[in-house]
Amino acid sequence: MLRTSVLRLVGRTGASRLPVLEDFGPRYYSSDSLSARDDARDARAYFTTPIFYVNAAPHIGHLYSALLADALCRHRRLRGPKTAATRFSTGTDEHGLKIQQAAAAAGLTPTELCDRVSEHFQQLFQEAGISCTDFIRTTEARHRVAVQHFWGVLKSRGLLYKGVYEGWYCASDECFLPEAKVTRQPGPLGDSFPVSLESGHPVSWTKEENYIFRLSQFREPLQRWLRSNPQAITPEPFHHVVLQWLDEELPDLSVSRRSSHLHWGIPVPGDDSQTIYVWLDALVNYLTVIGYPNAEFKSWWPATSHIIGKDILKFHAIYWPAFLLGAGMSPPQRIYVHSHWTVCGQKMSKSLGNVVDPRTCLNRYTVDGFRYFLLRQGVPNWDCDYYDEKVVKLLNSELADALGGLLNRCTAKRINPSETYPAFCTTCFPSEPGLVGPSVRAQAEDYALVSSVATLPKQVADHYDNFQIYKALEAVSSCVRQTNGFVQRHAPWKLNWESPVDAPWLGTVLHVALECLRVFGTLLQPVTPSLADKLLSRLGVSASERNLGELYFLPRFYGHPCPFEGRRLGPETGLLFPRLDQSRTWLVKAHRT
Ligand code: ME8
């Protein structure tokens, strides 16, 4: 509605144009991952997280992956109806030697262990507001059908053969390793044992007759795919790493294990003596979710974005696209890769006893607080270190003081007694900078603020496209600081509503600050959904006015009507984000030596 009337107005009055997102180029509206061929396909987007092993309870790293996917997906949904057909799947990876061994060690059957831990993941994701549309468990019957069908396709295309595989196998990582990737680690009794060079997990020597996939045939097709899709793997350094791996020889891959050794898995169709390799089983989950092998899956594939940790890059960027190409399908559109959370500089591990429980964090810091922390501090390109003081410091400074303080300053009864969105006065704040006149009150810094906030949605969208959500939040936070500076500079608490000289400017200062808050609230929805809802509700912004496509910042400045002007604010619901107590007992203290 607003958009139509605004556009008519532009033609009629010649007023300056409102900066809306589509002004910043068609890329914003077209899907980030699709090539805008036809509307129906363009409208679909399918996001996935890894499916997580059920050998241990979830930790903050698992939650981080799910949050990144959730934020990407929520941001995409906010772009408007054309891009609203979004699917988002997560789940648990329940087969394989690792699970078989973990169940035995816990004195449980594999099914008992899987049910217990999968439930744990589901509860965590529900509590954390992960807006997934699908949760898959690889022990489901529909998945067995999909995997066995996929296997049949590879077989019928001559890509599987039987051969003897001899080499190192790492059960923790569920992968085969060449000699060069194995080292020896000193044991407790002065002996030594072989471990994976990359993960440090123990490996054992295996010699078996297995089914083998002709991976070596796919080296060149994979190189071509990556070279012609430079955004396939984001951020770029990971794309580069995969291309480097492909410079080396790509041996064929064993894709089954002897059932006598690995019984907890999906049998090879027509050969019960072999169980399908857990990674082939796991990767096919992305197809199972969208209905494979039924034709319906084609409406979602390959409009897919996989969100993964760097530890499983090889499986997603080499094995998976090779399997797909082998089965006559396209590789996924995008693979977004992130690095790891460490704790006090160390890898999180059960044996080190430093695993951070995400549910405790959600309770302690609130769901929105902890979501904000992980997404604001997590940098995909590098590992990030966790400790509690960092969380408290960040949330107090950015959510409680800066954002909450700004809202309070503009809505408190003392300053805004009518509890409305006050009118914007164009003579106090003319759209032309540098004008002088008795009623002009805006200063150069105020124009800089308007310009920063006007371009913020586009900046944020670009950061989402590049999988740099922390940069999007950094940009919002910087604009919040700038807006606080604006309010501080004009000190509305020193202006008087009763004075005919002060009142239009006082209203304008509050109007501008509320407009900035409206933009911040709208942009924060993918990361802190409840907090953004609270903020936007307090501003009186209705649910239908929260889409990114409708985000017109400060229309009065650009000579257009503002639907919020004169509107009553929403009800007061207390502090936006109460400050956290610094003296709480820590889960993880900063490491000081
Ligand atoms: O690899 N920091 O499952 P998994 C950040 N089942 N993210 C982390 C992390 C950390 N310290 N630790 C784990 C598997 N992750 C397979 C996947 S997919 C078809 C099969 C996240 O339980 C990150 O996303 O070991 C990583 O890739 C994933 O959890 C590995 O989870």
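Just the heavy atoms: all of them, side chains too, but no hydrogens, waters or symmetry mates, feed the values below. First listed ligand is number 1; within each ligand, the first listed atom is number 1.
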Does at least one non-hydrogen atom of H59 fall below 4.0 angstrom from an atom of ligand 1?
yes
Region of H338 engaging ligand 1 - heavy atom pairs below 4.0 Å:
side chain
So, K471 and D462, do they make that salt bridge, N to O below 4.0 Å?
no
Under 4.0 Å from any heavy atom of D93, which atoms of ligand 1 are there?
6 (N), 16 (C), 20 (C)
Who's the nearest protein heavy-atom neighbour of atom 28 (C) of ligand 1, and how far?
F52 CE2, 4.0 Å
Any idea which protein heavy atom is nearest atom 17 (C) of ligand 1, and the distance to it?
I51 O, 3.1 Å
Do Q123 and E119 meet the criterion of a side-chain donor-acceptor pair at a distance under 3.5 Å?
yes
At under 4.0 Å between heavy atoms, is it the side chain or the backbone of K347 that contacts ligand 1, or both, or neither?
neither
Numbered in order shown, the ligand 1 atoms found under 4.0 Å of a heavy atom of G309 are 23 (C), 24 (O), 26 (C), 27 (O)
Please give me the minimum heavy-atom distance between S65 and F52, naming the atom from each residue.
CB-CZ, 4.1 Å
Nearest non-hydrogen protein atom to atom 26 (C) of ligand 1, with distance, is D311 OD1, 3.2 Å
Which heavy atom of the protein is the closest neighbour of atom 21 (C) of ligand 1, given with residue, atom name and distance?
S65 OG, 3.6 Å
Would you mind telling me if ligand 1 is within reach of the side chain of M348, the backbone, both or neither, using heavy atoms under 4.0 Å?
side chain
Please say whether I308 places an N or O atom under 3.5 Å from an N or O atom belonging to ligand 1.
no
Using ring centroids (six-membered ring only for Trp), state whether W151 and Y211 fall under 6.0 Å.
yes
Give a yes/no on ligand 1: does E174 have at least one heavy atom closer than 4.0 angstrom to it?
no
Top protein contact for atom 1 (O) of ligand 1, by heavy-atom distance:
I312 CG2, 3.4 Å
Donor + acceptor pair across side chains of N229, H239 (<3.5 Å)
no
Name the closest protein heavy atom to atom 5 (C) of ligand 1, giving the residue it belongs to and the distance to 0.1 Å.
G61 CA, 3.4 Å
Looking only at non-hydrogen atoms, the one of W341, W320, F315, Y286 nearest atom 18 (S) of ligand 1 is Y286
For a quick check under 3.5 Å, do Q122 and S118 share a side-chain donor-acceptor pair by atom type?
yes
Show, in sequence, the C-alpha distance, side-chain angles and deciding distance for D383 and K310, and conclude whether the salt bridge (charged side-chain N to carboxylate O under 4.0 Å, His left out) test is met.
CA-CA 10 Å; D383 286 354; K310 64 179 182 181; 2.9 Å; yes
Once side-chain contact (heavy atoms from CB on, under 4.5 Å) is applied, do any residues pair with V117, and if so which ones, sequence neighbours excluded?
V54, L113, F121
Hey, does S339 come in under 3.5 Å of ligand 1, counting only N/O atoms on both sides?
no
What I want to find out is whether R76 reaches D465 closely enough, with some N-O distance under 4.0 Å, to be called a salt bridge.
no
Shortest protein contact, atom 22 (O) of ligand 1 (heavy atom only)
Y53 N, 2.9 Å
Are F373 and Y386, when compared by the centres of their aromatic rings, separated by less than 6.0 Å?
yes
Per-atom filter on ligand 1: closer than 4.0 angstrom to a heavy atom of A282 are 19 (C)
Residue among F176, F323, F213 satisfying ring-ring contact (aromatic ring centres under 6.0 Å, His included) with Y277
F176
Looking only at distance, does P50 have an N or O less than 3.5 Å from an N or O of ligand 1?
no
Do NZ/NE/NH1/NH2 and the carboxylate oxygens of R137 and E94 come within less than 4.0 Å?
yes
